[in-house]
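Here the structure is laid out as structure tokens; the discussion comes afterwards.
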Amino acid sequence: MTLIALNADVLVTMDAQRREIRDGALVADGPAVQWVGATADLPPQYRRMVDDGTAQVLDMRGRVVMPGLVNTHHHMYQSLTRAVPAAQDAELFSWLTNLYMLWSHLTPEMIHVSTQTAMAELMLSGCTTTSDHLYLYPNGARLDDSIAAAQQMGMRFHAARGSMSLGRSKGGLPPDAVVEEEEAILRDSLRLIQQYHDSARHSMLRVVLAPCSPFSVTRELMRESAVLARAHGVSLHTHLAENDNDVAFSREKFGLTPAQYAESLGWVGPDVWHAHCVKLDAEGIALFARTGTGVAHCPCSNMRLASGIAPVRTMRDAGVPVGLGVDGSASNDGAHMLGEARQALLLQRVGHGPAAMGAREALEIATLGGARVLGRDDIGALAPGMSADFVAFDMSGVGYAGAGHDPVAALVFCTPTDVSTSVINGRVVVRDGHLLTADLPRVLTRHRELARTLFERAAGH
């Protein structure tokens, strides 16, 4: 059925002209946008459909409508382990060390329900496309558990088959109990690509190969993953240069900076994006710009773990593709994409002054930036032929009072709110602030039970 959104106070297109249309409207048919413009200019054939009830009509009066936000880095299973006391005041390496064995008790149901919960949080915050990096698979858990949850939730999903193969006994950071054999990792990666990956325009599901980090996998796995990914046209993702200890490990272990290490393994190019890059040096920034290698900027996580301020201003000025990521819910400990855009702006200003980033640039990074990082040209903007992914924020609440002179900037400068409406692939998934694709109270009840079970099992070992 044709979907027509009308009367938006402002419709932010993020198109080539960056148009912001007052009293805006758009028309979607199936998964794609057909028309965008002012409500008064709605073509006659669509006006007739509004009048005779043959279209699904959304009245966006009092709302700002914009492209759905794109989350380029997450660990959704971590929603089960928010605010863990032993990891509250730790930097990256000690934080991981305190959590690895807790996560070793994850089950397939825990992966499934935590994915539902994390996606609900993202969808309500304005996110319509997300990646998730699942890199440990205990007790029979598989990436399939996340994929099934995403299909139920109706979210556009880049499922990253993470992995760890370098246990502590071989010089890595993770305990041996949570790593896998590399042959099994590559075999399962191929299975997932063949079973699930959809490269078509408007695809709802793509598979990504994502060895976890330089301190948890071997060079051989990095190389073989890149060869496999490129043979099948899928993207690559990992963590890189997250903090000083991460850089020190790379220099001590490989005699290379993180960027040099990535380049030596073929892990640069427009089909690769790296999470964090807080400590990416000038040489690395130039390399990423030259090769089109992307970065997932995770400001809340970087602050939470005291990793530092990623040089996003310098990256952007050099031409590095930059998107936003909420990172795991045990290092954020939230997943509000509009809030992440706000923190991206504020953190750059803390580091580089008030002109370092504006509200519209933060929103651009959260939409078009994320689309580019994920290798997509069909999301991130509202224009004919683009995917019908858009969200609406109600500007009548107390948090936006007094900001009517620039409601678009208000989305970033004011306290972040949840969406009133979300449409993904032409389907309404949030209406009047309520998620339509899951019984959220039931999901959250089960999520809380599973979180308790996880801690109890860990305490018993």
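For this chain, numbers begin at 1 and follow the sequence in order. Being a predicted model, the structure only gives us computed values, none of them experimental.
Among pairs with a residue in residues 274-290, those fulfilling salt bridge (charged side-chain N to carboxylate O under 4.0 Å, His left out) read Asp244-Lys279, at least two apart in sequence or across chains.
For the pair Ser163/Glu180, a side-chain contact is recorded, criterion being any heavy-atom separation below 4.5 Å from C-beta on. By the 4.5 Å heavy-atom criterion applied to side chains, Tyr135 and His75 are counted as neighbours. Inter-residue side-chain proximity for Val373 and Val295 is flagged as unmet; no heavy-atom pair is nearer than 4.5 Å. Between Tyr77 and Asp132 there is no side-chain heavy-atom pair separated by less than 4.5 Å. Side-chain contact between Ile111 and Leu134 is present, with heavy atoms from C-beta onward closer than 4.5 Å.
Put simply, the residue from His73, His133, His297 that forms a ring pair (Phe, Tyr, Trp, His ring centres under 6.0 Å) with His276 is His73. Results of the side-chain contact (heavy atoms from CB on, under 4.5 Å) test with Met66 over Val10, Thr367, Thr13 single out Thr367 as the only residue that passes.
Using a 4.0 Å cut-off between charged nitrogen and carboxylate oxygen, Arg313 and Glu361 count as a salt-bridge pair. Contact check on Asp144 versus Arg161 returns no salt bridge, with no Lys/Arg side-chain nitrogen under 4.0 Å from an Asp/Glu carboxylate oxygen. For the pair Asp394 and Arg63, the salt-bridge criterion is met [side-chain N within less than 4.0 Å of a carboxylate O]. The pair Asp188-Arg142 does not meet the salt-bridge criterion, since no charged nitrogen lies less than 4.0 angstrom from a carboxylate oxygen.
Below 30°, between 30° and 60°, or above 60°: for Phe93 and Phe249 the angle between ring planes is above 60°, a perpendicular geometry.
Under the 3.5 Å distance criterion, with hydrogens and angles disregarded, a donor-acceptor pair is assigned to the side chains of Glu182 and Ser165.
When all heavy atoms of Arg360 and Met14 are compared, the closest pair comes out as O-CE, 4.1 Å.
The distance from the CZ atom of Arg372 to the CD atom of Glu364 is 10.5 Å, given to the nearest 0.5 Å. Residue Ile424 holds its CD1 atom at 7.5 Å from OG1 of Thr437, rounded to the nearest 0.5 Å. Here the straight-line distance linking atom CD of Gln151 with atom OG1 of Thr115 works out to 12.0 Å at 0.5 Å rounding.
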From CA spacing to verdict: ring-ring contact (aromatic ring centres under 6.0 Å, His included), His158, His197: CA-CA 9 Å; His158 285 230; His197 182 70; 8.2 Å; no
Steps toward ring-ring contact (aromatic ring centres under 6.0 Å, His included) verdict (Tyr400, Phe393): CA-CA 10 Å; Tyr400 295 120; Phe393 291 92; 7.5 Å; no
Chi angles and distances behind the ring-ring contact (aromatic ring centres under 6.0 Å, His included) call for Phe288, His274: CA-CA 10 Å; Phe288 280 27; His274 298 278; 5.3 Å; yes
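In Arg18, the CZ atom is crowded: over 12 heavy atoms of neighbouring residues, nucleotides or ligands sit closer than 6.0 Å.
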